Q: 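First the structure, which I've put down as structure tokens, then a few questions once you've had a look.
Bear in mind the structure is a predicted one, so any value in this text is a computation, not a measurement.
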Amino acid sequence: MPNWLLPENIADVLPSEARKIEDLRRLMLDRFRTYGYELVMPPMLEYVESLLTGTGHDLDLRTFKLVDQLSGRTMGLRADITPQIARIDAHLLNRKGVTRLCYAGSVLFTRPRNLLATREPFQIGAEIFGHSGLEADLEIQELLLFCLQLAGLKQIRIDLCHAGVLEALLEGVPAAEAIESQLFGALATKDVPQLQELTRDLPAHVRDALLSLTTLYGDPADTLERARKVLPDLPGVKAALDDLAYLAASQSKDGPAVLSIDLADLRGYQYHSGVMFAAYVDGIPNAIARGGRYDKVGQAFGRDRPATGFSLDLRELAAISPVEARSNAILAPADDVPGLRAKIDSLRDAGEVVIRMLPGHDQDFEEFTGDRVLVEKNGQWVVTPR
């Protein structure tokens with residue numbers, strides 16, 4: 001086997017793609033900063049006891065593990081940065097009030113999410129800690145929409161869900177709690193035959209409610225009205241539907257996204273504890289971003305701290321973004337003549353890309369568009385169209 005081959009679903013990021021990813025990363029981190037989010041950089045490796053705290057079985061399966069030769073303990077290569085951010089908030093910052101944090105970095109999966117997906121996404125996200133009210137959920141969703149708009153995406157759809165619905169339905173039903181993982185897997189894919197098989201021994205009202213979740217999606221007002229009619233009148237269900245109604249009413253009808261409800265979209269249910277959401281755009285069949293409440297993760301770290309946030313894969317986003325990655329550049333001679341170096345330095349300080357054309361390679365540039373040239377006129381170096 002050639003020594004230059006990479007593992008399956010692992011690939012190099014080449015210049016044009018890397019520039020696009022980096023441009024998007026800078027735009028998004030700058031946007032996060034304007035909202036007061038502070039950048040943190042967690043390590044790639046952690047002990048699994050910390051890395052997988054409060055995250056559920058799914059993340060455990062996606063995490064590469066190895067033995068630390070210094071301590072003999074099992075370590076993991078992170079498959080999600082969010083639990084690390086919760087650990088930082090709980091044990092390193094330990095602030096009493098609201099804390100806003102953001103991050104950007106690679107994660108690694110043992111298996112790709114689908115046949116064409118990378119096993120090394122570049123994850124970027126924002127998290128807000130310390131406020132349990134829906135205002136935090138609104139801010140996070142607003143920030144996500146800004147990010148998708150910065151990437152030039154249009155026709156965005158946000159699907160809202162709530163972990164509290166399923167939690168309320170399964171509460172006090174041991175037989176259901178024992179098959180919880182299979183239940184939300186079947187719900188997420190709307191696999192009605194499998195759901196019927198899984199729920200055949202459950203109480204009739206629970207079984208009917210779970211099956212009805214697969215039909216409760218679409219326009220917020222209509223979906224919530226149907227949900228109140230067909231779901232049991234439980235306090236947890238009512239509170240969850242009220243939360244979704246508030247968020248739907250708070251979204252601008254003329255905003256950048258179409259809002260919908262999908263009460264069966266429970267991917268990450270073990271992770272989340274309240275409002276959940278997924279963003280969809282033209283070009284890819286799966287969600288481009290996911291987020292929601294995850295208060296249980298902070299609780300698992302020993303600090304009961306409300307939290308909500310979102311994350312997305314910048315590599316996936318860059319692949320569908322219409323934002324142009326090819327950069328314009330100024331071409332300059334490689335000669336060492338008076339005033340040329342000073343002019344090039346001043347242009348670069350102003351943010352311009354200036355490429356010195358080495359002898360014999362006047363046309364050797366592929367990743368840049370040399371639309372201007374630096375020429376000498378009357379003893380002065382000036383930029384002119386090419």
Side-chain angles (χ1 to χ4, degrees), residues 3-4 6 10-44 81 101-107 118 120-126 143 146-154 283 312-386:
N3 60 6
W4 48 266
L6 294 175
I10 298 289
D12 295 304
V13 181
L14 299 181
S16 59
E17 183 187 2
R19 183 183 304 112
K20 196 169 184 179
I21 291 171
E22 176 62 10
D23 286 350
L24 290 173
R25 186 192 70 87
R26 292 181 183 183
L27 285 171
M28 291 182 185
L29 289 180
D30 286 346
R31 172 61 68 176
F32 294 162
R33 186 178 180 85
T34 65
Y35 274 69
Y37 287 77
E38 301 171 277
L39 180 66
V40 291
M41 298 178 180
M44 281 290 298
I81 300 178
L101 301 175
C102 61
Y103 57 87
S106 292
V107 297
T118 178
E120 190 186 8
F122 192 91
Q123 191 179 56
I124 189 168
L143 193 55
F146 269 122
C147 288
L148 297 180
Q149 288 178 286
L150 286 172
L153 299 183
K154 299 178 181 178
L312 56 83
D313 176 13
L314 268 184
R315 293 181 67 171
E316 186 176 46
L317 183 65
I320 62 170
S321 169
V323 173
E324 181 58 55
R326 195 175 179 89
S327 291
N328 294 331
I330 299 170
L331 307 182
D335 304 331
D336 186 14
V337 295
L340 177 58
R341 166 56 66 182
K343 182 62 177 180
I344 290 174
D345 289 344
S346 68
L347 288 169
R348 287 172 175 165
D349 288 343
E352 294 281 3
V353 176
V354 182
I355 300 175
R356 302 195 76 170
M357 306 308 293
L358 301 176
H361 300 276
D362 290 349
Q363 302 298 323
D364 290 355
F365 51 95
E366 296 183 2
E367 298 296 335
F368 295 90
T369 301
D371 61 339
R372 291 157 294 164
V373 292
L374 196 56
V375 297
E376 186 179 18
K377 290 185 177 180
N378 302 321
Q380 299 291 324
W381 287 96
V382 296
V383 177
T384 62
R386 186 164 179 258

Q: So, Arg386 side chain and Thr369 main chain: donor-acceptor pair closer than 3.5 Å or not?
A: no

Q: Take Leu340 and Ile344 through the test side-chain contact (heavy atoms from CB on, under 4.5 Å) and record every step on the way to the result.
A: CA-CA 6 Å; Leu340 177 58; Ile344 290 174; 3.9 Å; yes

Q: Does Cys147 offer a backbone N or O that forms a donor-acceptor pair with the side chain of Arg31 under 3.5 Å?
A: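 No; judged by distance alone, with no hydrogens or angles, the pair does not exist.
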
Q: Just how far is it from atom CG of Leu27 to atom CD1 of Ile124, taken to the nearest 0.5 Å?
A: 9.5 Å

Q: For the atom pair CD (Glu376) and CD (Gln380), what is the distance rounded to the nearest 0.5 Å?
A: 8.5 Å

Q: Find the distance between CG (Leu39) and CG (Leu29) and round it off to the nearest 0.5 Å.
A: 5.5 Å

Q: Ser106 side chain to Glu120 main-chain N or O, any donor-acceptor pair under 3.5 Å?
A: no

Q: I need the minimum non-hydrogen distance between Gly339 and Trp381, along with the two atoms involved.
A: C-CD1, 3.7 Å

Q: From Asp30 CG over to Arg25 CZ, what is the distance, rounded to the nearest 0.5 angstrom?
A: 9.0 Å

Q: How about Asp349: does its CG atom have over 12 heavy atoms from other parts shown lying under 6.0 Å from it?
A: yes

Q: When rounded to the nearest 0.5 angstrom, what distance separates CZ in Phe32 from CZ in Phe146?
A: 12.0 Å

Q: Do Met28 and Leu314 have side chains that approach each other closer than 4.5 Å (heavy atoms only, starting at C-beta)?
A: yes

Q: Applying salt bridge (charged side-chain N to carboxylate O under 4.0 Å, His left out), name anything that partners Arg341, two or more places apart in sequence or on another chain.
A: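 Partners of Arg341 by the salt bridge (charged side-chain N to carboxylate O under 4.0 Å, His left out) criterion, ordered by chain and then number, come out as Asp345.
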
Q: A side-chain contact here means heavy atoms from C-beta on lying under 4.5 Å apart; do Thr384 and Val373 qualify?
A: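 The answer is yes; the side chains approach within 4.5 Å.
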
Q: Compare every heavy atom of Gln123 with every heavy atom of Val107, then report the nearest pair and how far apart it is.
A: CG1-OE1, 3.7 Å

Q: Specify the closest pair of heavy atoms between Pro322 and Gly152, including all atoms of both residues, with the distance to one decimal.
A: CG-O, 3.2 Å

Q: Kindly indicate whether the side chain of Val375, heavy atoms from C-beta on, has any atom under 4.5 Å from the side chain of Val382.
A: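 Result yes, sub-4.5 Å side-chain heavy-atom pair found.
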
Q: On a heavy-atom basis, which atom in Ala329 and which in Phe368 lie closest, and how many Å separate them?
A: CB-CB, 4.0 Å

Q: Determine yes or no for a side-chain-to-main-chain donor-acceptor pair under 3.5 angstrom, with Lys343 supplying the side chain and Leu374 the backbone.
A: no

Q: Out of curiosity, Ile81 CD1 to Met44 CE, how far, rounded to the nearest 0.5 Å?
A: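 Between Ile81 CD1 and Met44 CE, I get 8.0 Å after rounding to 0.5 Å.
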
Q: Compare all side-chain heavy atoms of Leu101 with those of Tyr37 and state whether any distance is below 4.5 angstrom.
A: no

Q: Check whether more than 12 heavy atoms from other residues, nucleotides or ligands sit under 6.0 Å from atom CZ of Arg356, and answer yes or no.
A: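 Check passes, neighbour count above 12.
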
Q: Taking all atoms of both residues into account, what is the closest heavy-atom pair of Val323 and Ala151, and its distance?
A: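 Between these two residues, the closest heavy atoms are CG2-O, 3.3 Å.
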
Q: Show the nearest heavy-atom pair for residues Ala126 and Leu143, with the distance to one decimal.
A: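 Answer, listing the atom of Ala126 first, then Leu143: CB-CD2, 3.8 Å.
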
